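What follows is a single structure, written as structure tokens, with notes after it.
Here the structure is a predicted model, which is why all the values come from computation and not from measurement. Positions are given from 1 along the sequence. Hydrogens, waters and symmetry mates are skipped; everything else that's a heavy atom, side chains included, is used.
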Amino acid sequence: MLRKILFTSYILVVACMAAATFVEKYHGTDFTHAAVYGSWWFTALWTLLAAAAVAYFVGRRIRRPSAVALHASFVLILAGALATHVSARRGMVHLRSGLAVDTYQTLEPDGSVSEHKLPFALRLDTFDIRYHDGTAAEADYVSRFTVIDGDGETRAEVSMNNIYSRNSMRFYQSSYDRDMLGSILAVNYDPYGIPLTYAGYGLLFAAFAWTLFDPKGAYRRLLRHPLMRKGVLSLLAAAALPSAAGAATTLPRESAEAFGRLNILYNNRVCPVQTFAIDFTKKLYGSPRYKDYTPEQVLAGFIFWPDEWCSEPIVRVKDGALSDQLQLPRHCAVNTFFNEFVGDYVLGPYVREYYQGQDDKLHRQAADIDDRLMMIMELRRGTLLKVFPVTSGGRTTWYAPTDNVTDTLVTEAHRAFIKNVFSLVYQEALAGRTANTDKIISKIAAYQQKNAGSSLPSALQVKAERAYNSVPFATILFMLNLTAGAALLAFTIWRMVRRNGADRLTPGGGRAAKAAAAAGAVVLAISLAALTACLALRWIISGRVPMANGYETMLVMAWSVMLLSLIACRRFRIITPFGLLMSGFFLLVSHINQMDPQITHVMPVLASPLLSVHVSVIMMSFALLSLTFVCGLTAVMLRLIRGRNAASLTEQTESLALLSRLMLYPALALLAVGVFVGAIWANVSWGTYWSWDAKETWGLITLMVYAVAVHDGSLPFLRRPMGYHVFMTLAFLTILMTYFGVNYFLGGMHSYA
């Protein structure tokens with residue numbers, strides 16, 4: 001009876017959390033928090049689950065210290081959550097420059113606002129926004145204030161990821177007044193919940209490490225499994241493996257390259273013009289090269305010879321409702337969308353209808369093309385060409401030639417240079433005076449060096465960015481890995497199906513298997529080295545760990561899969577095709593439309609070392625769990641191909657299950673560490689370690705679902721290899737939902753990741 005209560009409550013908790021994320025999408029955060037996460041019944045359900053789990057655990061008389069510590073940590077975390085739910089107070093304090101404030105406001109469950117006294121007063125001294133040099137991208141928000149406690153005064157400061165604590169009151173930077181004379185701080189008073197929760201996190205991290213290294217633990221027993229000693233995994237691996245130039249005018253290639261070496265303010269980041277040119281050409285044409293033109297030549301063509309280039313068929317049109325209705329070819333000229341006789345914009349009616357709410361495929365396609373055409377119009381007006389820096393008072397501003405330079409310290413000669421230099425380039429290029437063209441471009445470069453202050457990227461960053469721009473790492477690697485992985489996996493399954501119980505291969509596996517294994521390992525190593533170089537270049541260019549957006553986390557996921565596979569493939573060579581396939585899949589996903597490969601500055605809240613730990617360990621966990629998914633899928637495919645009674649099927653599925661479990665335990669440990677390090681980061685950043693955001697919730701669901709797989713002592717079906725494989729294959733759906741479902745359907749605070 002107790003076992004049924006435990007499993008029922010466990011399933012109900014997971015189901016309620018999953019359902020709540022969909023309720024939030026359609027009914028809003030406030031409703032969901034009131035109706036589900038903050039309700040009495042949800043708290044009671046968690047309490048029932050904790051009580052049933054403790055009773056069941058005690059009833060089974062488990063004495064192993066590592067297991068006791070691990071399960072006790074979850075009880076401690078839940079106790080901390082309950083203490084926070086019951087006793088914590090969160091609110092806001094609005095500070096204005098020079099005024100002392102000794103109260104803060106909280107939002108009550110009924111929607112009313114209550115005011116509470118602070119045990120001291122706060123007086124704002126200054127509020128400041130720090131920017132990345134030469135850009136309008138915020139680097140940090142800083143509030144400096146004085147704490148007045150009795151007759152004493154203390155100076156204090158709060159910024160993003162930098163909290164101030166006093167008398168169990170914790171203050172976080174939340175917002176600010178637009179006149180820069182006020183700051184809004186979040187206040188969190190949680191004297192009992194935070195210590196209990198943090199103690200639970202600490203015990204959890206220690207217990208997971210203890211579990212993995214405990215000589216009497218389940219993981220160490222897996223390493224002593226008879227199949228490991230018999231070398232069946234090695235036997236299994238041995239059986240398995242093992243264009244013509246256009247007529248449009250532009251700058252000569254060498255001059256265009258020199259133009260591409262200039263710097264530009266693009267996406268709130270100072271970078272080489274080459275980067276802007278590549279993005280410009282890719283957005284228009286779908287590829288960084290058009291005919292025999294370099295991206296710099298395409299950009300220069302639209303700048304200096306726009307009429308000619310507007311007749312070039314360079315605007316890519318996807319197949320779909322709009323192309324069918326307007327009978328558009330695969331690539332159109334800009335002029336195609338303008339009726340020269342009546343002056344009409346062909347897409348105008350569709351774009352207006354799109355912004356009036358018609359969001360079908362036809363209107364979305366029209367809006368997409370319109371966005372690209374407007375980019376060309378802005379380039380023709382010169383507003384995108386912010387290549388002229390002006391530094392005054394320690395602040396650098398980048399101007400386009402059509403901007404009004406408002407800085408009074410700029411001389412008339414400099415104003416004239418900014419306004420007219422592109423016309424001079426055009427005149428010299430049109431006359432065929434290439435040497436003069438190059439001299440003028442050199443003068444622009446000299447102007448930038450002289451007037452850009454500290455906003456220019458370093459020489460190392462420029463070299464790294466040009467190297468990064470020259471090689472489409474992800475495109476090459478996803479094709480290489482998917483092709484090699486598919487070939488090796490096909491060879492794997494063919495060898496498994498071909499062999500029967502009386503026709504075993506020796507551990508050597510024969511020449512073909514050895515050659516396949518070696519070739520796969522070489523491809524894996526080359527791919528890992530190339531992706532490592534790609535990530536290193538992005539790190540140098542951006543000055544931060546490359547884990548700040550969906551594109552980068554996909555690259556890190558692929559990198560993790562390849563690293564783990566390369567480490568394991570010497571002992572378990574069947575890992576090689578798995579690693580190639582999954583890494584290729586993650587690299588392929590990085591190419592989908594929603595993934596933005598552009599390098600940008602991150603939001604101030606993301607500039608925390610805890611974020612790097614949080615993302616990296618979760619990506620490592622997902623990488624391991626993706627390999628357990630391939631193990632399960634391979635076993636299911638073998639079962640479907642060979643049938644239930646194949647002589648060697650049992651041994652093969654047991655071998656795959658053992659390999660899968662060897663990855664499952666460290667994956668669970670990494671996932672738990674990642675989830676709860678993220679909670680610590682959230683508490684440091686905005687004052688609450690758990691907000692029931694959709695990504696947080698699905699991360700917890702994923703942890704709970706995969707945790708089921710290590711409890712085969714209580715769930716007999718998991719002791720059967722095929723039962724285990726089917727469960728692990730289906731469990732992978734929670735990872736897909738956590739990463740893709742939340743990002744592209746549910747949304748939320750974590751949708752950038």
Please round to the nearest 0.5 Å and tell me the distance separating atom [atom1] of [X] and atom [atom2] of [Y].
{"X": "Leu49", "Y": "Met704", "atom1": "CG", "atom2": "CE", "value": "5.5 Å"}
{"X": "Ile184", "Y": "Leu95", "atom1": "CD1", "atom2": "CG", "value": "9.0 Å"}
{"X": "Asn267", "Y": "Asp279", "atom1": "CG", "atom2": "CG", "value": "7.0 Å"}
{"X": "Asp370", "Y": "Arg352", "atom1": "CG", "atom2": "CZ", "value": "10.5 Å"}
{"X": "Phe145", "Y": "Asp125", "atom1": "CZ", "atom2": "CG", "value": "9.0 Å"}
{"X": "Leu555", "Y": "Met619", "atom1": "CG", "atom2": "CE", "value": "11.5 Å"}

Flag side-chain contact, heavy atom, 4.5 Å: [X] against [Y]:
{"X": "Ile163", "Y": "Phe171", "value": "no"}
{"X": "Leu668", "Y": "Leu703", "value": "yes"}
{"X": "Tyr164", "Y": "Val147", "value": "yes"}
{"X": "Tyr131", "Y": "Asn268", "value": "no"}
{"X": "Val556", "Y": "Val615", "value": "no"}
{"X": "Lys117", "Y": "Asp102", "value": "yes"}
{"X": "Trp559", "Y": "Phe586", "value": "no"}
{"X": "Arg144", "Y": "Glu157", "value": "yes"}

Do the side chain of [X] and the main chain of [Y] share a donor and acceptor less than 3.5 angstrom apart?
{"X": "Asn167", "Y": "Met169", "result": "no"}
{"X": "Tyr104", "Y": "Asn188", "result": "no"}
{"X": "Arg415", "Y": "Val405", "result": "yes"}
{"X": "Glu696", "Y": "Ser691", "result": "yes"}
{"X": "Asp179", "Y": "Leu181", "result": "yes"}
{"X": "Thr21", "Y": "Ala694", "result": "no"}
{"X": "Ser73", "Y": "Leu70", "result": "yes"}
{"X": "Glu465", "Y": "Thr275", "result": "no"}
{"X": "Ser87", "Y": "Thr84", "result": "no"}
{"X": "Thr391", "Y": "Asn451", "result": "yes"}

What heavy-atom pair brings [X] and [Y] nearest, and what distance separates the two atoms?
{"X": "Cys16", "Y": "Phe42", "value": "CB-CE1, 4.3 Å"}
{"X": "Pro457", "Y": "Val270", "value": "CD-CG1, 3.7 Å"}
{"X": "Ser621", "Y": "Leu671", "value": "OG-CB, 3.1 Å"}
{"X": "His85", "Y": "Gly38", "value": "CE1-O, 3.8 Å"}
{"X": "Pro191", "Y": "Ser168", "value": "CB-OG, 4.0 Å"}
{"X": "Val684", "Y": "Asn161", "value": "CG1-O, 3.8 Å"}

Could you check whether atom [atom1] of [X] has more than 12 heavy atoms from other residues, nucleotides or ligands sitting under 6.0 Å from it?
{"X": "Trp40", "atom1": "CH2", "value": "no"}
{"X": "Asp30", "atom1": "CG", "value": "no"}
{"X": "Phe417", "atom1": "CZ", "value": "yes"}
{"X": "Trp46", "atom1": "CH2", "value": "yes"}

Side chains of [X] and [Y]: do they bring a donor and an acceptor to under 3.5 Å?
{"X": "Tyr198", "Y": "Asn683", "result": "yes"}
{"X": "Trp398", "Y": "Ser455", "result": "yes"}
{"X": "Gln173", "Y": "Ser143", "result": "yes"}
{"X": "Thr106", "Y": "Glu108", "result": "yes"}

From CA spacing to verdict: side-chain contact (heavy atoms from CB on, under 4.5 Å), Arg130, Val142: CA-CA 8 Å; Arg130 295 173 182 167; Val142 184; 3.6 Å; yes
Aromatic plane relationship, [Y] with [X] - under 30° parallel, 30 to 60° tilted, over 60° perpendicular:
{"X": "Trp692", "Y": "Trp690", "result": "perpendicular"}
{"X": "His33", "Y": "Tyr37", "result": "perpendicular"}
{"X": "Phe74", "Y": "Phe208", "result": "perpendicular"}

His614 pairs by side-chain contact (heavy atoms from CB on, under 4.5 Å) with which of Ile680, Val673, Val677? Val677
With side-chain contact (heavy atoms from CB on, under 4.5 Å) as the test, would you mind laying out the steps for Lys283 and Asp371 before giving the verdict? CA-CA 10 Å; Lys283 190 169 184 178; Asp371 181 54; 2.8 Å; yes
Go through Ile540 and Leu460 one step at a time and tell me if the side-chain contact (heavy atoms from CB on, under 4.5 Å) criterion holds. CA-CA 8 Å; Ile540 293 170; Leu460 177 61; 3.9 Å; yes
Residues that Thr697 engages under side-chain hydrogen bond (donor to acceptor under 3.5 Å, both in side chains), provided they are two or more places apart: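 In terms of side-chain hydrogen bond (donor to acceptor under 3.5 Å, both in side chains), with neighbours along the sequence ignored, Thr697 is linked to no residue.
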SB check Asp368 Arg364 (cutoff 4.0 Å):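 No, Asp368 and Arg364 are not salt-bridged.
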Give a yes or no on whether a salt bridge exists between Asp190 and Arg170, defined as a side-chain N under 4.0 angstrom from a carboxylate O. no
Do Arg269's NZ or CZ and the ring of Tyr266 fall within the cation-pi criteria of under 6.0 Å and 45°?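 No cation-pi geometry.
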Please confirm whether Phe388 and His414 have ring centers closer than 6.0 angstrom.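 Here the rings of His414 and Phe388 have centres that are no less than 6.0 Å from each other.
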Phe622 vs Thr738, side-chain contact (heavy atoms from CB on, under 4.5 Å): CA-CA, chis, key distance, verdict: CA-CA 10 Å; Phe622 283 2; Thr738 301; 4.2 Å; yes
Restricting to side-chain contact (heavy atoms from CB on, under 4.5 Å), what partner residues turn up for Thr397, sequence neighbours left out?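 Counting only residues at least two positions away or on another chain, Thr397 forms a side-chain contact (heavy atoms from CB on, under 4.5 Å) with Tyr399.
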